Number of protein chains: 2
Amino acid sequence: MAGVSAGTVDRILHGRGNVSEAKRQAVEAVLGKVGYKFNIHTSAVSLKRGYHFVVTTPEAGEGEYWSSVIAGIREALEEYSDIQIQLDYLFYDQFDESSCRSVFDSIPQLEADGVILGPTFRRETLSLCEALDGKGIPYVFVDANIEGANPVASYSVDQEACGAFLGRMLLAGLHEGKKILLFRSERRGDERSSNTLAREKGLTDFLKANGLSDRLIRSTIPPTDDAENIIVDTFRANPQVQYAIVLNSRGNIIASAIQNGLKSDSIQLIGFDLTRDNIKCLEEGTITALLCQRPQLQGFSALRRLISWLLYRSREEDERHFLPIDLVVKENLPYYREM
Amino acid sequence: MAGVSAGTVDRILHGRGNVSEAKRQAVEAVLGKVGYKFNIHTSAVSLKRGYHFVVTTPEAGEGEYWSSVIAGIREALEEYSDIQIQLDYLFYDQFDESSCRSVFDSIPQLEADGVILGPTFRRETLSLCEALDGKGIPYVFVDANIEGANPVASYSVDQEACGAFLGRMLLAGLHEGKKILLFRSERRGDERSSNTLAREKGLTDFLKANGLSDRLIRSTIPPTDDAENIIVDTFRANPQVQYAIVLNSRGNIIASAIQNGLKSDSIQLIGFDLTRDNIKCLEEGTITALLCQRPQLQGFSALRRLISWLLYRSREEDERHFLPIDLVVKENLPYYREM
DNA sequence: CTGCTTGTTGTGCACGAACACAAAAATATG
DNA sequence: CATATTTTTGTGTTCGTGCACAACAAGCAG
């Protein structure tokens, strides 16, 4: 249509240069007119080279949060199995800053074609991103976005909205004179609590806006061995508690404290994330509800984005993607085995 | 690897016959060993022929339930834009059995390659399916499954689970002495109410199992013009109502009755489906929560399934797919603009 | 044994895309 | 103006797949 050969079009599409301005414009006009779109799969067929990606997240123990993210990445790998992709997984201890640093420090030298990054520690993440920026290696965030970095994209959940959502759930059901007991994690060096902090802010803001601030009691899950006793004591000291909220994925700990220590079934427990332990509690009825953030879809989207970036350097408007916040209870659980 | 040419492999893969038993086995062994998988996109590239599908659902007014299903189908069309697909949309009046019959009767003669079917009237659907079976035309159900038909697949939601889910929401929050007011549709000839009936069964079973049966009051949304007055009267007659439940997607009607007629904001209203009107009510706060059933994903999956069936006749174990049941409130609404 | 039919197997081309290389045109150098 | 160099453009091959057609083999009738 533009009176040029396929080779010239190819050069223009991939910005390989050595094309006269006149032909470029003619071809680009035609491309626009016919609405040309890359076909990622036929591209992959003729693409000789493979890609090497590094995936670095906190330890992904089976049935835990991060293993869902990894599962999503594996699914994307399957979906794009026509592209040769090699993945290197590098896990770090999300409670140990130095473990994170040593893992992150090793990544730039791996000369990967791209990195999927589950950030926890702000400082280490920023320093890694700076190194990757320097080498021109693209990276994608999952689970959280770190301000100041330049990722190709980030796939996470609006944690403040999660907190507000929680508030909404409580608003309807909180009985006269009853209270809300809020558990947050308190493990030193756990900077992922930036997520739980945002959740807490969303919840407290919502409760304040609805005049329920005085109904909220704050507590922490102690990191020690006798956690269960301390939790039980907290409940005993606050017998008016109707709702217990756990802002991280360790709701099952509170559940067993309530079951074993308190032997009460009048407390509604709400937690986060479809971990294996939480699922068990949901089925047994010891956890009432879980807020979930589509970790599998996060992982899936991240790898897909990295592929489309490397193949086409495709830019989109806003690359901070916020995934839906799902509420899962016993009754809809069977249909949430993701994707 | 099997010592045969590509042509022979092709014949085996597509069951075109004229292959000796010995070679067939040799090739099939190799296919299994290397884990051969079709690549739908490269298939499409070399596929000369196009496909012609018929999509028949109730009228899909803008912003209404069925338009989301259609949007999902359009998305799949985009995703598989390398395949030449022509879609014919045939809409019928979901409240008029004879409209449905005349539309359905015309479908077999269209000689389509496949049909996506949003069923409402059981009898008409079964008779259409029989005709399609006779002609060997594959069809896929969306939104509901009709017993007795032989679809390639169905994509719907477990409506009883929806009802039970509703019950779970109420269980936590129902206050002492308060009641639940249940609205179902009562439009003659609307057999789609098989969905709302299942929802009602799920809810009543749940309430019974939790000793709350006596807290439930049943009512209907009158199809007449003065519906609002009648609804308001119902609420006035039952001042103890804390939760109002609408089992179809017309929650917005109850919402405006409560707003305009009752001028109360102490009633929690729960409805179904992210229709435009319902979304508005959610944003305004006149509806508390909506149960949603991923209509877009239903449409998307349906078209995708039809394509993979026609290209490869791929059979899977259980082809009744149940999609997740989502709870949407004001706070997580922005993240539910699907897919 | 020859010719014909039928069944089986292989070959060649097309599709959209990537990329190496050859050819042609434009520009620079002597 | 001829030749060398650089820039621009076109060609051919490849990938996995579908499909038309050619080639070969086997069986059967005359």
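Every chain is numbered from 1, with letters handed out A, B, ... down the list of sequences. Since we're looking at a predicted model, the values are computed, not measured.
At a cut-off of 3.5 Å, with distance as the only test, a side-chain donor of B:Y92 or B:T120 sits close to an acceptor on the other residue. Side-chain N/O atoms of A:H52 and A:D113 include no donor and acceptor closer than 3.5 Å. A donor-acceptor contact closer than 3.5 angstrom links the side chains of A:E75 and A:Q296.
For A:K48 and D:dC15, the NZ to C1' distance is 6 Å, given to the nearest whole Å. Remark: C1' of D:dG18 and CG of B:L311 are 10 Å apart, rounded to the nearest angstrom. The distance from atom CZ of A:R49 to atom C1' of D:dC15 is 17 Å, rounded to the nearest whole Å.
From the 5' end on, the contacts that DNA chain C makes with chain B at under 4.0 Å to a non-hydrogen atom open and close at C:dT8 to C:dG16.
Atom-to-atom distance recorded for B:C292:SG and B:Y336:OH is 8.0 Å, nearest 0.5 angstrom.
By the 30° and 60° cut-offs, the orientation of the rings of B:F38 relative to B:Y36 is perpendicular. In this structure, A:F300 and A:Y80 have tilted ring planes: the angle between them lies in the 30° to 60° band.
Although no hydrogens or angles enter the test, the distance criterion places no donor-acceptor pair under 3.5 Å between the side chain of B:Y139 and the main chain of B:L306.
Aromatic ring centres of A:F141 and A:Y155: separated by at least 6.0 Å.
At D:dT17, none of the side-chain N or O atoms of B:S46 fall inside 4.0 Å of OP1 or OP2 (strictly under the cut-off).
Scanning residues 7-25 of chain B for heavy-atom distances under 4.0 Å to DNA chain D yields B:D10, B:H14, B:R16.
DNA chain C is contacted by both B:G3 and B:T42; B:G3 maps to the nucleotide lying nearer its 5′ end (nearest heavy atom per residue).
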